[in-house]
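In what follows, a structure is listed as structure tokens, so that the remarks can point back to it.
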Amino acid sequence: MEKIQHNFVTVQGLKLHIAELGSGPNVVLFLHGFPEIWYSWRHQMVAVADAGFRAIAPDYRGYGLSDPPPEPQKATFVDFVSDIVAILDHLGVNKVFVVAKDFGTRLAYLLALFHPERVSGVVTLGAPYLPPGAVEFYKHLPEGFYMARWREPGRAEADFGRFDPKTVVKNVYILFSKSEIPIAKENEEIMDLVDPSTALPSWFSDEDLSAYGALYEKSGFQTALKVPYRSTNEEFDIADPVVKLPALLIMGCKDYVLKFPGFEDFIKSGKVKEFVPNLDVIYLPEGTHFVQEQSPELVNELILDFLKTHS
């Protein structure tokens, strides 16, 4: 951890933070989800660097140590992809393996669709590839579904604003570590779903929470609420949504995401392979939504096997 280097790249006037470790021609780009940050890849960065790869993990604009956009409410997935390409250009990196988590999955596959010549392969955790226009599952869930609540302008801001950022991150980690979808009742907010006395998962230390809390203390949650939650209907100019690159999906069997309507069938029926024909899927029996932090050694082994096979 202490060997990880921290640098900034200026993109469109914004100073974007990147964590780096390792050297060599084969580069692994790590893309975080929410409520994660570059730090969520701490175990994987060390593992791939020790195996001879160069690891790069950015904080997106408006996340962690990166500058926020001047108008966070207008941030888009396309902005994030453009930032990623600019970072790679600045670093002189022509091609990468992408390892992505949660909504970072969408960024990884958009990068592969927009710039296939720059991607060697894609590994995703906690979310399958969803072709553009396929994000309709939330319409089949109750009004109290956390994504529906967070899509509503001002509601999450008021909910989160009752707590310090460290407590917000703690609550989301506790909720997202469960196997059930977070759904609030009509008269409660998402943060109310967590009893203040609830302990953190055993694999997530107080030190980890403090690191996350400090990063979100700086950035706040404004951009994070816009991308991904208020950008799920963003449209993309993509003629062919099929990604023919080597790909791997790692899912925890206890990941609440599998309860999203149609998700588990989309994966297990093989429908996902209509869009990612070279996809392998690996299930971790005890895995939750945060498999890379919960079971780092196992996940590292799976990622390294994929990297070495396709390098």
Side-chain angles (χ1 to χ4, degrees), residues 1-9 16-61 63-66 80 83-84 87-88 90-105 107-108 111 118-127 169 173 203-205 207-216 218-219 248-250 252 282 284 287 289-311:
M1 274 287 292
E2 65 275 3
K3 295 179 181 179
I4 294 175
Q5 298 179 336
H6 298 272
N7 298 298
F8 290 86
V9 174
L16 303 182
H17 169 253
I18 55 172
E20 296 183 82
L21 186 64
S23 59
N26 292 319
V27 181
V28 185
L29 173 70
F30 291 96
L31 301 178
H32 65 78
F34 178 84
E36 295 152 304
I37 218 76
W38 78 265
Y39 184 84
S40 65
W41 298 114
R42 59 198 180 279
H43 305 299
Q44 287 68 46
M45 292 182 72
V46 172
V48 301
D50 286 348
F53 294 86
R54 179 183 179 186
I56 301 170
D59 289 339
Y60 311 130
R61 59 170 62 196
Y63 279 78
L65 298 177
S66 290
F80 283 27
D83 290 345
I84 291 164
I87 288 170
L88 297 179
H90 177 87
L91 297 175
V93 174
N94 294 321
K95 201 164 189 177
V96 294
F97 286 99
V98 186
V99 179
K101 166 78 194 314
D102 189 67
F103 85 87
T105 294
L107 295 171
L111 182 65
R118 304 199 68 165
V119 180
S120 299
V122 178
V123 179
T124 63
L125 300 84
V169 172
Y173 254 83
W203 42 263
F204 195 74
S205 70
E207 181 183 0
D208 295 331
L209 178 59
S210 294
Y212 277 96
L215 291 166
Y216 276 102
K218 179 193 177 297
S219 66
L248 173 66
L249 169 62
I250 302 171
I282 295 176
L284 304 185
H289 191 55
F290 301 102
V291 287
Q292 86 279 20
E293 295 180 276
Q294 177 191 9
S295 304
E297 291 183 1
L298 178 54
V299 170
N300 292 349
E301 183 180 340
L302 294 173
I303 291 173
L304 286 171
D305 284 347
F306 179 87
L307 296 176
K308 291 172 181 177
T309 298
H310 298 289
S311 292

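Just the heavy atoms: all of them, side chains too, but no hydrogens, waters or symmetry mates, feed the values below.
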Ring geometry between F103 and F80 (parallel below 30°, tilted from 30 to 60°, perpendicular above 60°)
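Ring orientation, 0 to 90° scale: tilted.
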Could you tell me whether the side chain of [Y] reaches within less than 4.5 Å of the side chain of [X], counting heavy atoms only?
| X | Y | value |
| --- | --- | --- |
| K101 | L31 | no |
| S311 | F53 | yes |
| V27 | I56 | yes |

Tell me, with the steps shown, if V99 and W41 meet side chain to side chain contact (heavy atoms under 4.5 Å, CB included).
CA-CA 9 Å; V99 179; W41 298 114; 3.8 Å; yes
Between L284 and L302, is a side chain to side chain contact (heavy atoms under 4.5 Å, CB included) present by the stated rule, with each step listed?
CA-CA 11 Å; L284 304 185; L302 294 173; 4.0 Å; yes
For a quick test of reading the model, state the closest non-hydrogen atom pair linking [X] to [Y] and the distance between them.
| X | Y | result |
| --- | --- | --- |
| L249 | A127 | CD1-O, 3.3 Å |
| V299 | V291 | CG2-O, 3.4 Å |
| T124 | T105 | CB-OG1, 3.5 Å |
| K95 | S120 | CG-OG, 3.3 Å |
| V48 | A55 | CG2-CB, 3.7 Å |
| F204 | E293 | CE1-OE2, 3.8 Å |

Keeping the roles fixed (side chain from [X], backbone from [Y]), state whether a donor-acceptor pair exists under 3.5 Å.
| X | Y | value |
| --- | --- | --- |
| N300 | A47 | no |
| S219 | G64 | yes |
| Y60 | H32 | yes |
| S66 | D59 | yes |

Supply the atom-to-atom distance [X] [atom1] to [Y] [atom2], rounded to the nearest 0.5 angstrom.
| X | Y | atom1 | atom2 | value |
| --- | --- | --- | --- | --- |
| K308 | I303 | NZ | CD1 | 12.0 Å |
| F306 | I250 | CZ | CD1 | 9.5 Å |
| Q44 | L304 | CD | CG | 9.5 Å |
| I18 | I84 | CD1 | CD1 | 12.0 Å |
| N26 | L307 | CG | CG | 8.5 Å |
| F97 | F30 | CZ | CZ | 11.5 Å |

Test side chain to side chain contact (heavy atoms under 4.5 Å, CB included) on R118 and L88 and set out the steps.
CA-CA 9 Å; R118 304 199 68 165; L88 297 179; 3.8 Å; yes
Carefully, step by step, assess L21 and R54 under the rule side chain to side chain contact (heavy atoms under 4.5 Å, CB included).
CA-CA 6 Å; L21 186 64; R54 179 183 179 186; over 6 Å; no
Can you spot which of L16, L65, L29 makes a side-chain contact (heavy atoms from CB on, under 4.5 Å) with P58?
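Exactly one candidate clears the test, L29.
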Salt bridge (Lys or Arg N to Asp or Glu O under 4.0 Å) against D208, all qualifying residues, sequence neighbours excluded
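Per chain and number, D208 pairs via salt bridge (Lys or Arg N to Asp or Glu O under 4.0 Å) with R42.
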Is the distance between the ring centroids of Y39 and Y212 under 6.0 Å?
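Yes, ring centres under 6.0 Å apart.
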Taking the six-membered ring for Trp and the single ring otherwise, decide whether the centroids of Y63 and H17 are under 6.0 Å apart.
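Ring centroids of Y63 and H17 are no less than 6.0 Å from each other.
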Between H289 and D102, a side-chain donor and acceptor under 3.5 Å
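Looking only at side-chain atoms, D102 and H289 do form a donor-acceptor pair, the distance falling under 3.5 Å.
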Report the C-alpha distance between Q292 and E36 in whole Å, list the side-chain angles of each, state the deciding distance to 0.1 Å, and finish with yes or no for side chain to side chain donor-acceptor pair (under 3.5 Å).
CA-CA 11 Å; Q292 86 279 20; E36 295 152 304; 2.9 Å; yes
